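Here's the structure, in structure tokens; my notes come after.
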2 protein chains.
Amino acid sequence: MSSKSSQETQKKLGRPSDKAKRAAIVEAAAHSFFDVGFAATSIEQVAATAGVSKVTIYNQFGDKRALFAAAVELECEKMRGHFTLEAMPAGSIRNRLTVIGEAMFLFLSRPEMIQFERRIAAETVAEPVIGEAFLEAGPWRMKRAFSAFLDHASACGELDVPDSALAAEQFVSMCKGMGDLEQRFGVPVSAQDSAKRIAGAVDVFLAAYSAN
Amino acid sequence: MSSKSSQETQKKLGRPSDKAKRAAIVEAAAHSFFDVGFAATSIEQVAATAGVSKVTIYNQFGDKRALFAAAVELECEKMRGHFTLEAMPAGSIRNRLTVIGEAMFLFLSRPEMIQFERRIAAETVAEPVIGEAFLEAGPWRMKRAFSAFLDHASACGELDVPDSALAAEQFVSMCKGMGDLEQRFGVPVSAQDSAKRIAGAVDVFLAAYSAN
DNA sequence: GTTTAATTGTACGGAACCGTTCATTTTGTC
DNA sequence: GACAAAATGAACGGTTCCGTACAATTAAAC
């Protein structure tokens, strides 16, 4: 303990690990994992794509599962970032619901998101904690935000929502409708169908929860 | 063409293939495929579980993908069988909707069904036709049946549903709510939450589509 | 410049598994 | 019983991939 610095600034001797390489590895790994799945992903291919030696991957992550966990964490972090939900639109409550529904559907319909959900669901079987991490980073977070919006609208007298958590689920579920399922199973969903589902969801939602 | 029978009754010489063994193979394959996935399923393990030689599998199916397709077909056939939707309950329209919602949720919440959906979704990426076969055997079939029920109730003056296809999606989606997602990602769903979702779905549905 | 640690390339051991071949045995039909 | 096709067991070639080992190189910190 001669001239050790405090625990905060751990002095590292020798060559420090290259954080850029680490990022490239996780990025390449995420692409492969969510493209072809965990089992079909080869570490050697990830190393080649990231422009890195295979040994570096094992030095930094130690294990294939650990690399997978890091890739999931990266993607969840991206999701959290994209969930600002800023710029609440003005206009009637009908218009605001419509805009929110469209934004959510657009966000969830992106092919990368569909693919990500497929893989996470599949790997959740072997690693339950991964599924929960995904729910916490995405769906549950979104539910809380939208639920708060409904509570606010209720307090303003624009809606009459007794159970905002339940109502939030109902609205989102109706917006997704069967389109969610169809996309997950490879059938394209037309923009017309989506618009129809969202408009229908707003109609039903307002019929049930309108303030007047 | 000496004493050939008609094309109908193809005479088979020698030992006929054992249909019981074929069924055992597909059954074992389905279990493994939907338990651990396509890539992680070993033909040799399937053969051992089915009590059959590996060569027999290759003789009967020729390929791992073909065996997978047969397993999917078997499971889809089971789904079609379980979709009789008989015994339409009597009582108020509210009661009938509640019973239907509960039955659907129970059917879809079975662990085997969750697992089956996970795997089909994952393999749909490589084989899009499989996803469509699943949709046709299950969700689309159910949607048509429930849609017809809504049309009937409308004709009887019990409901006022302008677009039964849309309304069917809305009701089912609300019944599933977020429970569907949570189950797919490994989080258990309590019976209380399910009952609450179904009751809420009936409330909202009737608020929007009641006849009076 | 020295030290310390990260990175690289190559190679290896070991395992798993697909799909095939072949000789042998079983089993249903004629 | 004779025939023909199916089933079996074992072995093989080929491939892929994980994870490790080792010697050599590079790069930051002192």
Side-chain angles (χ1 to χ4, degrees), chain A residues 1-6 8-29 31-33 35-71 123 126-127, chain B residues 2-5 8-29 31-33 35-71 123 126-127:
Chain A
M1 323 292 189
S2 54
S3 64
K4 272 265 185 78
S5 56
S6 69
E8 279 284 322
T9 61
Q10 284 252 0
K11 295 233 173 183
K12 293 175 185 175
L13 292 174
R15 181 180 176 182
S17 70
D18 193 330
K19 304 300 280 182
K21 282 194 189 304
R22 188 175 223 275
I25 293 170
V26 180
E27 192 72 32
H31 268 101
S32 181
F33 279 137
D35 254 28
V36 302
F38 178 82
T41 289
S42 118
I43 298 269
E44 276 150 10
Q45 183 56 54
V46 170
T49 304
V52 156
S53 168
K54 183 171 68 158
V55 188
T56 302
I57 294 182
Y58 279 97
N59 282 345
Q60 297 227 6
F61 298 91
D63 203 342
K64 193 181 183 183
R65 293 219 73 86
L67 179 58
F68 181 69
E123 304 302 343
E127 205 88 8
Chain B
S2 55
S3 66
K4 273 267 184 76
S5 57
E8 279 282 322
T9 63
Q10 286 251 1
K11 295 233 175 181
K12 294 174 186 174
L13 293 173
R15 178 181 179 182
S17 71
D18 192 333
K19 305 299 281 182
K21 282 194 189 304
R22 188 175 223 274
I25 293 169
V26 180
E27 192 72 32
H31 268 101
S32 181
F33 279 137
D35 254 28
V36 302
F38 178 82
T41 289
S42 119
I43 298 268
E44 277 151 9
Q45 183 56 54
V46 171
T49 304
V52 156
S53 167
K54 182 171 69 161
V55 188
T56 302
I57 294 183
Y58 280 98
N59 282 345
Q60 297 226 10
F61 298 92
D63 203 342
K64 192 180 182 183
R65 294 219 73 85
L67 179 58
F68 181 69
E123 304 302 343
E127 206 88 6

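Order of the sequence lines fixes the chain letters, A, B, ..., with proteins taken first and strands second; residue numbering starts at 1 for each chain. Worth saying up front: this structure is predicted, and the values here are computed from it rather than measured.
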Euclidean distance, atom OH of residue Y58(A) to atom P of dA6(C) [Å, nearest integer]: 18 Å
Among dT8(C), dA4(D), dC17(C), the nucleotide that comes nearest once only the side chain of L13(B) is considered: dA4(D)
From R22(A) atom CZ to N59(A) atom CG, the distance as rounded to the nearest 0.5 Å: 11.5 Å
Worked verdict on F61(A) versus V26(A) for side chain to side chain contact (heavy atoms under 4.5 Å, CB included): CA-CA 10 Å; F61(A) 298 91; V26(A) 180; 3.5 Å; yes
Atom of K64(A), atom of F38(A) and distance for their closest heavy-atom approach: NZ-O, 3.1 Å
From dT7(C), dC18(C), dT10(C), nucleotide with atom closest to D18(A) side chain: dT7(C)
Out of dG19(D), dT7(C), dC18(C), whichever nucleotide has its closest atom nearest the side chain of D63(A): dG19(D)
Below 4.0 Å: OP1/OP2 of dT8(D) and any side-chain N or O of T56(B): yes
Side-chain donor/acceptor contact of R15(B) with base of dA6(D) under 3.5 Å: yes
Nucleotide of dA28(D), dT8(C), dG9(D) approaching S53(B) most closely (side-chain heavy atoms): dG9(D)
Whole angstrom value for the distance that separates P of dG19(C) from CZ of F61(B): 14 Å
Integer-rounded Å distance: dT26(C) P and N59(B) CG: 18 Å
side-chain N/O K54(B) vs dA10(D) OP1/OP2, d < 4.0 Å: no
R65(B) CZ to dC18(C) C1', straight-line distance once rounded to whole Å: 14 Å
For A47(A) against S53(A), the heavy-atom pair lying closest together: CB-C, 4.1 Å
Out of dG19(D), dT8(D), dG19(C), whichever nucleotide has its closest atom nearest the side chain of E44(B): dG19(C)
From dT8(D), dG19(C), dC17(D), nucleotide with atom closest to S42(A) side chain: dC17(D)
Flag, side chain of T41(A) to backbone of S32(A), donor-acceptor distance under 3.5 Å: yes
V55(A) or A39(A), whichever maps to the more 5' nucleotide of DNA chain D: A39(A)
Earlier contact from the 5' end, DNA chain C, for A40(B) and G51(A): G51(A)
Nucleotide dT7(C), atom C1' - distance to CD1 of I25(A) in whole Å: 10 Å
Closest listed nucleotide, where the reference is the side chain of K64(A) and the choices are dG19(D), dT8(C), dA6(C): dG19(D)
Presence of Q45(B) side-chain N/O under 4.0 Å of dC17(C) phosphate oxygens OP1/OP2: no
Spacing between I43(B) atom CD1 and dT20(C) atom P, to the nearest angstrom: 11 Å
Interatomic distance, L67(A) CG vs dC17(D) P [rounded to whole Å]: 15 Å
